[in-house]
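A, B, ... follow the sequence lines: proteins, then strands. Residue 1 opens every chain.
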Protein chains: 2
Amino acid sequence: MSRPETDIAATRARIIDAADQMIQDRGTISFTMTNLAASVGMSPANLYRFFDSKDALAEAMAGEWFAELQVIMEELVAAEMPVEEKLYQFFARRLVVKRARYEDDPVLFESYMELGDEHFEVIKGYVDLADHYMALILAEAMEQGYFSGLELDTVMSLVNTMVQPFCNPRLMPQMMHVATEERLRIVINTILNGLRANEAATINKPELHIAS
Amino acid sequence: MSRPETDIAATRARIIDAADQMIQDRGTISFTMTNLAASVGMSPANLYRFFDSKDALAEAMAGEWFAELQVIMEELVAAEMPVEEKLYQFFARRLVVKRARYEDDPVLFESYMELGDEHFEVIKGYVDLADHYMALILAEAMEQGYFSGLELDTVMSLVNTMVQPFCNPRLMPQMMHVATEERLRIVINTILNGLRANEAATINKPELHIAS
């Protein structure tokens, strides 16, 4: 009845849980693989059969962190819905997940941030992929006439800048009280209504925009 | 010839300089008043004649940090210029000052942030005053028809949220590469052109806004 792949996956999951628990207990990510081995009742040599370095462990932990966010983004990019709603949900749905994680355990959340800093090469791939999904949605908006006069790269960077408080997990502790879905909706609408090349802005009388 | 007030001010300034130097040398704000006394060649008792606690010293250091920013805000609120430009300069001129300080000495800058955290009651007054100046400018914009359907408090909070990367000194290290004046100009224009009550947004066809 033995199913080796499943056993390996289960043991890896158990090790990751133990690492989470250790981070929670200690309030820091600075444990060694030897500490971790002891906490799961393994010899270090045995632990290394499952994760051949702390980097490999961090990579697996990052994978778990991003898995749920990936699913959200993939679903949205493929979804049939107005691009305005798609852009809003792209940030809103991930905001809900990240906020829940933060509220569930702020110390573990901060520790994951720290883990990310120490293994940025791992995180980078996920960040780039999120940017790629965002680019698809923004390009769709541009096809519909938004962001007039701006290049996609510029739009990407400006949108990223303005939604920082809603998408940067590092700002969560500081910004959580203002980064609500209701405010995100207004920010996304502001961006869609107002973001365009410099030349066109401030020349318009605001009265021009009010008719709805 | 002795001018006691001036002497006291000069000695206080010298003590603040020594505290800055100590922070730079140590890379941390965790010095004691006894350490500081030694570094300026004073007895602790004598040091306490000038600052009766580390809190009092922190307050004076915060005062120096904010003095230049205060002048900018006061000048702008009183200035005769279009409100669009006023709002832009309100953030742009302070961004320039804060960026220069960060570039001048990132470690000292970070230490000042830490000092601010530890003495938040001191910082709070300055933050509230900056909010007050911003409210004056945003109210002026509202009189001219901007931010239709929104309350001043809501506008304040939304603008603050969207300009975080340009005004929150804590984000400076992370955001400096994107928080340029050129991008700030576009963000401010986006806010002026696009920020209004929920109902009016996304219903407009973007084409409506393009005519300039």
> Which bit of Leu171(A) comes within less than 4.5 Å of chain B, counting heavy atoms only: side chain, backbone, both or neither?
Replying inline: side chain
> Using a cut-off of under 4.5 Å for heavy-atom pairs, which of Ala141(B), Pro82(B), Ser157(B) has the most such pairs with chain A?
Replying inline: Ser157(B)
> Does a sphere of radius 6.0 Å around CD in Glu151(B) hold more than 12 heavy atoms from other residues, nucleotides or ligands, not counting ones at 6.0 Å or beyond?
Replying inline: no
> Do we see a donor-acceptor contact under 3.5 Å between the side chains of Asn160(B) and Gln164(B)?
Replying inline: no
> Is chain B contacted by the side chain of Gln174(A), its backbone, both, or neither, given a heavy-atom distance below 4.5 Å?
Replying inline: side chain
>> Can you tell me which of Val163(A), Ile191(A), Leu158(A) forms the most heavy-atom pairs within a distance under 4.5 Å of chain B?
In response: Leu158(A)
> Hey, does the side chain of Lys98(A) reach the backbone of Asn168(A) with a donor-acceptor pair shorter than 3.5 angstrom?
Replying inline: no
>> I need the minimum non-hydrogen distance between Phe109(B) and Pro169(B), along with the two atoms involved.
In response: CE2-O, 3.4 Å
> Using non-hydrogen atoms only, which part of Phe147(B) is less than 4.5 Å away from chain A: side chain, backbone, both, or neither?
Replying inline: neither
>> With a 6.0 Å cut-off on the ring centroids, do Phe91(A) and Phe166(A) count as close?
In response: no
